[in-house]
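Taking it in order: structure first as structure tokens, then the write-up.
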Amino acid sequence: MTDYDLIIIGAGPAGLSAAQYAARSMLSVLVLEHLAPGGQALTIDSLENYPGLMPSKNGFDFIDAMHKQAENFGAKFIMEGVEKISKEGNLFKVYLNNGEVKSTFTIILATGAKYRTLDIPGEKEFYGRGVSYCATCDGPFFKDKKIIVVGGGDAACDEAMYLSRLSKNVIMIHRRDRFRAQKALAERVLKNLNIEVRFNTVLKEVRGTTGAGGKVNSVILASSLDGQEDKTIEESADGVFIFTGTVPQSSLAAGENFQAELDENSHIITDKTMSSTVAGFYAAGDVRNTPFRQVVTAAADGAIAARYASLYIDDIKGNHY
């Protein structure tokens with residue numbers, strides 16, 4: 001016997017979708033989340049590209065609805081982190097940070113990704129004092145201030161648009177000569193009169209005052225052509241928002257007595273059923289090697305993972321219908 005048929009680690013869109021589908025299939029489901037349900041989706045100001053969601057919702061309201069829906073179907077939630085996972089035969093054991101151990105036939109890892117840092121002088125020192133990775137979290141502190149946005153993907157463009165509603169002085173820098181974001185979003189940024197876009201530019205350093213009450217007051221920027229950095233300038237700034245990608249939270253894929261295969265960027269490699277190279281161990285959302293990272297694809301991953309985890313459990317229990 002096990003404590004649960006399925007344990008889902010992570011309660012972002014992928015984990016919550018998996019919880020709903022699995023619980024609706026009459027599986028006993030436990031969802032573990034070390035903070036609060038939502039993950040990066042909580043920072044979304046306006047979720048306007050989720051099919052059928054009109055009018056758009058902010059990330060908090062969207063996640064709150066998903067959380068309640070999964071609970072209504074019977075999924076159980078525990079707000080606790082996971083220290084490690086072990087596997088013996090067909091049984092997984094999940095060791096929680098509070099010392100408890102939960103057993104299960106299957107695991108869906110939906111731990112997502114965390115913000116990628118630039119590792120430049122001043123970034124760590126001024127985090128929370130002008131440097132941020134979340135516009136909706138910290139943007140209101142910089143109303144009518146001079147803001148630097150770093151990045152060129154969907155997240156960077158979306159967050160720059162949000163910040164442009166708070167300030168008419170947003171400078172967006174990107175190391176390439178064009179955005180990587182979806183065309184419609186990129187064009188919206190380029191047409192925004194409150195955003196000055198500087199391509200072929202990199203952030204080299206964040207500067208400011210130290211000590212009590214210290215804060216950002218300038219940045220060092222360098223022009224970057226054909227990968228070669230040359231001219232540098234110092235630009236005054238009140239806030240620096242960095243959106244240069246994410247790092248998958250895949251460390252739990254290496255457990256005791258098992259190791260799921262990872263790609264070169266540490267994403268978990270799965271097949272189309274969200275199965276990893278370890279039987280009974282699935283991955284969904286940004287933690288896996290998906291070619292497109294959006295809320296809608298994460299939710300789809302979770303549904304697929306739950307479906308095939310259910311079939312795997314039937315095989316183990318011998319429930320063939």
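Because only heavy atoms are used, hydrogens play no part in the values below, and waters and symmetry mates are left out as well, while side chains stay in. Computed from a predicted model, the values in this text were never measured in an experiment.
If you take SG on Cys134 and CZ on Phe243, they are separated by 7.0 Å, rounding to the nearest 0.5 Å. Met161 CE to Glu159 CD: the interatomic distance, rounded to the nearest 0.5 Å, is 12.0 Å. Atom CG of Leu32 is separated from atom CD1 of Ile8 by 9.5 Å, given to the nearest 0.5 angstrom. Once rounded to the nearest 0.5 Å, the distance linking OG1 of Thr104 with CG of Leu6 reads 5.5 Å.
Side-chain contact, Thr209 with Lys215: no donor N or O sits under 3.5 Å from an acceptor N or O. A side-chain N or O of Ser132 and one of Asp138 form a donor-acceptor pair less than 3.5 Å apart. Between the side chains of Gln182 and Asp154, a donor-acceptor pair is found at a separation under 3.5 Å.
Salt bridge present: Arg198 and Glu235 bring a charged side-chain N and a carboxylate O closer than 4.0 Å. Using a 4.0 Å cut-off between a side-chain N of Lys or Arg and a carboxylate O of Asp or Glu, Asp144 and Lys168 do not qualify as a salt bridge. A salt bridge between Glu256 and Lys93 is absent, with no side-chain N of the basic residue lying under 4.0 Å from a carboxylate O of the acidic one.
Relative orientation of the Phe258 and Phe92 rings is perpendicular, given thresholds of 30° and 60° on the angle between their planes. Ring planes of Phe199 and Phe179: perpendicular class, angle over 60° (limits at 30 and 60°).
Heavy atoms from other residues, nucleotides or ligands lying under 6.0 Å from CZ of Phe142 number more than 12. Other residues, nucleotides and ligands contribute more than 12 heavy atoms inside 6.0 Å of the NZ atom of Lys102.
Remark: side-chain polar atoms of Glu33 are paired, donor with acceptor, to backbone N or O of Ala11 under 3.5 angstrom. For the pair Ser250 (side chain) and Ser266 (backbone), a donor-acceptor distance under 3.5 Å is present. Checked by atom type and distance alone, the side chain of Asn169 never pairs as donor or acceptor with a backbone atom of Lys146 at under 3.5 Å.
The distance between the ring centers of Tyr127 and Tyr133 falls below 6.0 angstrom.
When all heavy atoms of Leu109 and Ala253 are compared, the pair lying nearest together is CD2-N, 4.2 Å. The heavy-atom pair separating Ser275 from Tyr282 by the smallest distance is OG-CE2, 3.1 Å.
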Sequence neighbours excluded and cut-off under 3.5 Å, please list the side-chain donor-acceptor pairs for residues 297-308, or say none.
from: Thr297; atom 1: OG1; to: Phe292; atom 2: O; distance (Å): 3.0
from: Thr297; atom 1: OG1; to: Gln294; atom 2: N; distance (Å): 3.0
from: Thr297; atom 1: OG1; to: Gln294; atom 2: O; distance (Å): 2.9
from: Asp301; atom 1: OD1; to: Arg288; atom 2: NH2; distance (Å): 3.4
from: Asp301; atom 1: OD2; to: Gly285; atom 2: N; distance (Å): 3.0
from: Asp301; atom 1: OD2; to: Arg288; atom 2: NE; distance (Å): 2.8

> Can you list the steps and then say if Asp3 with Ser103 is a side-chain hydrogen bond (donor to acceptor under 3.5 Å, both in side chains)?
Replying inline: CA-CA 5 Å; Asp3 296 317; Ser103 59; 3.3 Å; yes
>> As a quick check of understanding, evaluate side-chain hydrogen bond (donor to acceptor under 3.5 Å, both in side chains) for Asn200 and Ser223, giving each step before the final call.
In response: CA-CA 6 Å; Asn200 298 311; Ser223 59; over 6 Å; no
